[in-house]
Amino acid sequence: MNVTEAVKARRSIRGFKPDPVSDDKLREILEVARFAPSNCNTQPWHLTVVSGEARHKLQEAIFAEINAGKAPNPAFTPGDQGLADVYKDRQFQCAMDYYRVMGIERHERDKRTALVMKNWEFFDAPHVGFISMPLDFGPANAVDVGIYLQTLMLILVEKGLASVPQGALALYPDPVKAMGGVPEGSGILCGLSFGYEDKGERINDVIMDRAPLEETVTLIS
Ligand SMILES: Cc1cc2nc3c(=O)[nH]c(=O)nc-3n(C[C@H](O)[C@H](O)[C@H](O)COP(=O)(O)O)c2cc1C
């Protein structure tokens, strides 16, 4: 698989088989991902992968917070806040495409909520990663973390695995912190659930389109 093939094959996958990824395979992937570039080679990302029993306990702890009505307390402003204009339109289209594939009508609020809640079930993936960076770092450093995230997702594809990046996993950081998943002085930017795709899951049929090149690229000569 070449890079173009990996980029085109990667999609957000939200239905997984329960089979875990072997430790050896996971290490092999993480060893490659660390070659992602960063400003002054600062490598400001930190990844914590939670699997097995700890993953199930974490899900329970996050749901305990949600069910107790605890307000989300992300370390950084979530990417879906305050969207307007074309960005709002694209966010709306993304949600509509998602609901259409899942057979959910706009007025079916409970079903929509249930779908959102799947974020904190890690979409049944056997592994969930949390990517953090130092709290006093800003957007320029977040670029590095984003590059790391995409590098990791592409290697996962190359190795026959699937993933979904999740800003939602930054919203309830305390249970992750309580299990030592966030370095002192850092905050979670996003999460990444991953494992082997369950191709029989309808949720994996969502295919997101992209804006035409002219909308997002300017070529000057
Ligand atoms: C930083 C980031 C955060 C995201 N957060 C979520 C999330 O919380 N929940 C979710 O289901 N998808 C999330 N996504 C997935 C996007 O919805 C998805 O990447 C986009 O719709 C394009 O679809 P594709 O990944 O299948 O190409 C996130 C993606 C990124 C890059």
Side-chain angles (χ1 to χ4, degrees), residues 3-16 33 36 44-47 58-59 62-63 66 72-83 86-102 104 111-125 127-133 137-158 161-173 176 187-195 197-199 201-213 215-216:
V3 179
T4 301
E5 286 164 348
V7 168
K8 292 198 168 169
R10 189 216 58 80
R11 289 191 294 117
S12 291
I13 293 302
R14 300 179 178 88
F16 297 89
W45 52 79
H46 181 91
L47 170 72
L58 180 61
Q59 179 177 328
I62 293 175
F63 270 93
I66 295 172
N73 59 331
F76 303 99
T77 306
D80 61 353
Q81 270 185 27
L83 294 178
V86 66
Y87 307 109
K88 183 87 201 156
D89 296 344
R90 289 179 192 155
Q91 179 196 36
F92 180 78
Q93 191 57 49
C94 173
M96 286 302 111
D97 288 350
Y98 198 19
Y99 299 144
R100 179 177 37 76
V101 169
M102 295 307 288
I104 299 174
K111 287 188 184 172
R112 279 167 42 195
T113 302
L115 204 53
V116 172
M117 297 310 278
K118 295 222 34 110
N119 272 288
W120 297 286
E121 293 168 10
F122 316 133
F123 293 105
D124 294 331
H127 308 277
V128 58
F130 293 87
I131 301 181
S132 52
M133 75 170 187
F137 278 21
N141 314 97
V143 171
D144 302 336
V145 183
I147 292 172
Y148 176 77
L149 173 65
Q150 171 75 336
T151 303
L152 177 58
M153 292 192 294
L154 293 181
I155 302 163
L156 286 166
V157 168
E158 187 201 86
L161 294 161
S163 66
V164 56
Q166 293 169 260
L169 296 185
L171 299 185
Y172 300 97
V176 189
I188 297 171
L189 265 175
C190 79
L192 184 77
S193 296
F194 65 92
E197 177 179 358
D198 182 344
K199 293 189 192 295
E201 290 265 2
R202 182 179 184 177
I203 201 166
N204 291 337
D205 294 341
V206 182
I207 297 190
M208 292 294 169
D209 204 358
R210 294 294 191 272
L213 204 62
E215 260 186 53
T216 55

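When a ligand or atom number is given, it counts from 1 through the structure's own listing order. Just so you know, residue 1 is the first one in the sequence shown, and it goes up from there. Below, each value reflects all heavy atoms present in this structure, side chains not excepted, and no hydrogens, waters or symmetry copies.
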**Report entry** Sorted by chain and number, the residues that approach ligand 1 to under 4.0 Å with a heavy atom
**Finding:** R10, R11, S12, R14, C94, N119, F123, V164, P165, Q166, G167, A168, M208, R210
Query raised in the report: With sequence neighbours left out, what residues match Q91 under side chain to side chain donor-acceptor pair (under 3.5 Å)?
Result: K88
Query - Approximate separation, where rounding is to 0.5 Å, of Y172 OH and I188 CD1 - result: 13.0 Å
Query raised in the report: What's the spacing between I62 CD1 and E121 CD if we round to 0.5 Å?
Result: 11.0 Å
Query - With sequence neighbours excluded, residues passing side chain to side chain donor-acceptor pair (under 3.5 Å) with R100 - result: D97
Report task. Spell out, as yes or no, whether a donor-acceptor pair under 3.5 Å connects the side chain of Q59 to the backbone of F122. Result -> no
Query raised in the report: Got a sec, which pairs hit side-chain hydrogen bond (donor to acceptor under 3.5 Å, both in side chains) with one end in residues 3-16, sequence neighbours left out?
Result: R14-Y98
